[in-house]
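Below you'll find the structure, written out as structure tokens, and then a few comments.
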Number of protein chains: 2
Amino acid sequence: MCKCHNVHHFHHSKEGCPGFRMEKFIQPCMLLLLYERPAHGYELMERLQRCGFSGNIDPGVVYRNLRKMEEEGWIRSEWESGESGPARRRYTLTPEGEEAIHGWAVHVRYQMERLKAFLDKYEEFFRNDEGKED
Amino acid sequence: MCKCHNVHHFHHSKEGCPGFRMEKFIQPCMLLLLYERPAHGYELMERLQRCGFSGNIDPGVVYRNLRKMEEEGWIRSEWESGESGPARRRYTLTPEGEEAIHGWAVHVRYQMERLKAFLDKYEEFFRNDEGKED
DNA sequence: AGCATCTATATGCATATAACATATAGAGGA
DNA sequence: TCCTCTATATGTTATATGCATATAGATGCT
């Protein structure tokens, strides 16, 4: 199953925060999932949902990002015909994709520091315990 | 001065991470700076730079976001004429803006948890010390 | 006076992204 | 036949972003 042991399906509304979407973040997440094991898009959708990804994932987002990452050379795909159900495209991580994960990790860590700096400052100013309203 | 005591002017390149931009994050940052004290756009640009915001800030980004936040009712502006230099627009946080900060904080915390979950998983898989390559 | 520079605000435009809807299609069941 | 589930893919529209550029007062230099 999913190894996101520390993700507890956050509930939140982004009302009042238009545009701060971070959807491209789905790319490193999918790369990491594919590092765990090859998969097809539909399976990735399910695994992303179980990994704290916001409620319903738009299939369009998943497949378009898979295409883009294949163009980048981070993943490779092959049709899996036969068996049962419609044909599926099985995605595998490439060595370049594994490198990309490291690049993303640096970037993600940087962004996380920025968010943390904001929150530290926020809490310094307001010193409340809104974190427990979950 | 700037109270971002825990921000050490991160250096990084976002090569290989196209689209993960998070520029809207400038909004809550500016709101928090305006909570500290009223300011005009040019001053905010400088204070943002001192607060770990990426190198050179595009003035367009700053002023456009100020306009949008004024439309939202989060900030209010008045022309400061006279004294020296060209006229400047002095921005003040409104009560709605202070509420917005709390909303943003929830959202930002949520996003930070997502990033943290990714990084935890990443480190679980790779167990390296890339954090020290700084 | 003429000119560059700094402060300060603002807009234009091409492209990238996001949100949402919709299309296509095989397989299995009622 | 029709519906649903699995599975992939595209179109449309609105918004966001990156980068360049416009405007303009004040100041200092030659």
Side-chain angles (χ1 to χ4, degrees), chain A residues 13-30 34 38-49 53-72 75-91 107 111, chain B residues 13-30 34 38-49 53-72 75-91 107 111:
Chain A
S13 68
K14 52 182 169 183
E15 301 167 37
C17 311
F20 186 21
R21 280 172 287 197
M22 260 186 29
E23 288 306 319
K24 260 298 161 53
F25 179 56
I26 203 175
Q27 287 194 4
C29 291
M30 290 199 295
L34 289 175
H40 52 276
Y42 202 79
E43 185 195 333
L44 286 176
M45 276 176 58
E46 290 178 344
R47 289 166 71 197
L48 283 167
Q49 277 181 325
F53 244 82
S54 39
N56 302 331
I57 300 185
D58 178 1
V61 169
V62 170
Y63 290 111
R64 255 195 282 251
N65 276 294
L66 285 171
R67 292 300 197 86
K68 272 179 212 156
M69 293 197 294
E70 192 165 21
E71 280 174 40
E72 298 266 2
I75 57 180
R76 177 169 20 89
S77 73
E78 49 200 47
W79 282 103
E80 241 183 10
S81 48
E83 301 179 24
S84 76
R88 52 176 68 168
R89 215 187 255 277
R90 179 187 164 87
Y91 284 94
H107 185 62
Q111 300 294 359
Chain B
S13 68
K14 53 182 169 182
E15 300 165 37
C17 311
F20 187 22
R21 281 172 286 199
M22 258 185 32
E23 290 304 321
K24 261 296 161 56
F25 179 57
I26 204 175
Q27 287 196 3
C29 292
M30 290 198 296
L34 289 174
H40 52 276
Y42 201 81
E43 185 195 334
L44 285 176
M45 274 176 57
E46 289 177 344
R47 289 166 70 197
L48 283 167
Q49 277 179 328
F53 244 81
S54 39
N56 303 332
I57 300 186
D58 179 3
V61 170
V62 170
Y63 291 110
R64 254 196 291 247
N65 277 293
L66 285 171
R67 291 302 196 84
K68 274 178 211 157
M69 293 197 295
E70 191 165 22
E71 280 176 39
E72 297 265 2
I75 57 181
R76 178 170 19 89
S77 73
E78 48 201 45
W79 281 103
E80 240 184 11
S81 49
E83 299 179 25
S84 76
R88 51 176 70 167
R89 214 186 254 278
R90 179 187 164 86
Y91 284 95
H107 186 62
Q111 300 294 359

Output the rounded distance in Å from [atom1] ([X]) to [atom2] ([N]).
X: B:I57; N: C:dT7; atom1: CD1; atom2: C1'; value: 16 Å
X: B:K24; N: C:dA19; atom1: NZ; atom2: P; value: 12 Å
X: B:L66; N: C:dT9; atom1: CG; atom2: C1'; value: 10 Å
X: A:W79; N: C:dT24; atom1: CH2; atom2: C1'; value: 11 Å
X: A:N65; N: D:dT8; atom1: CG; atom2: P; value: 15 Å
X: A:Y42; N: C:dA27; atom1: OH; atom2: P; value: 16 Å
X: A:K68; N: C:dT15; atom1: NZ; atom2: P; value: 16 Å
X: B:R89; N: D:dG25; atom1: CZ; atom2: P; value: 16 Å

Can you figure out which of [options] approaches the side chain of [X] most closely?
X: B:Y91; options: C:dA10, D:dT6, D:dA9; result: C:dA10
X: B:H40; options: C:dT9, D:dA24, D:dA9; result: C:dT9
X: A:D58; options: C:dT7, C:dA21, C:dG26; result: C:dA21

Exercise. Can you name the salt bridge (charged side-chain N to carboxylate O under 4.0 Å, His left out) partners of A:R76, sequence neighbours left out?
Worked result: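 A:R76 satisfies salt bridge (charged side-chain N to carboxylate O under 4.0 Å, His left out) with no other residue.
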Exercise. Taking it one step at a time, do B:L34 and B:L44 satisfy side chain to side chain contact (heavy atoms under 4.5 Å, CB included)?
Worked result: CA-CA 8 Å; B:L34 289 174; B:L44 285 176; 4.1 Å; yes
Problem set entry | side-chain hydrogen bond (donor to acceptor under 3.5 Å, both in side chains) partners of A:E78, counting only residues at least two apart |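 Checked A:E78 against side-chain hydrogen bond (donor to acceptor under 3.5 Å, both in side chains); zero matches.
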Exercise. When the nearest nucleotide of DNA chain C is assigned to B:E46 and to B:G60 on a heavy-atom basis, which residue is associated with the more 5' position?
Worked result: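 Residue closer to the 5' terminus by nearest nucleotide: B:E46.
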Exercise. Any sub-3.5 Å donor-acceptor pair from A:E70's side-chain atoms to A:S77's backbone N or O?
Worked result: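 Flag set: sc A:E70 to bb A:S77 pair under 3.5 Å.
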Exercise. Quick one: is C:dT11 close enough that its OP1 or OP2 comes under 4.0 Å of any side-chain N or O from B:R67?
Worked result: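 Checking C:dT11 against B:R67, a side-chain N or O does come within under 4.0 Å of OP1 or OP2.
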Exercise. Think A:Y63 has a side-chain N or O under 4.0 angstrom from the OP1 or OP2 of D:dT8?
Worked result: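 Yes.
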Exercise. Using 4.0 Å as the upper bound for N to carboxylate O, is an ion pair formed by A:R47 and A:E43?
Worked result: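 A salt bridge is present here (some side-chain N lies under 4.0 Å from a carboxylate O).
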For this session: Indicate, with a heavy-atom threshold strictly under 4.0 Å, whether B:R64 touches base, sugar-phosphate, or nothing.
Result: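 The answer is base, as B:R64 lies within the cut-off (heavy atoms under 4.0 Å) of a base atom.
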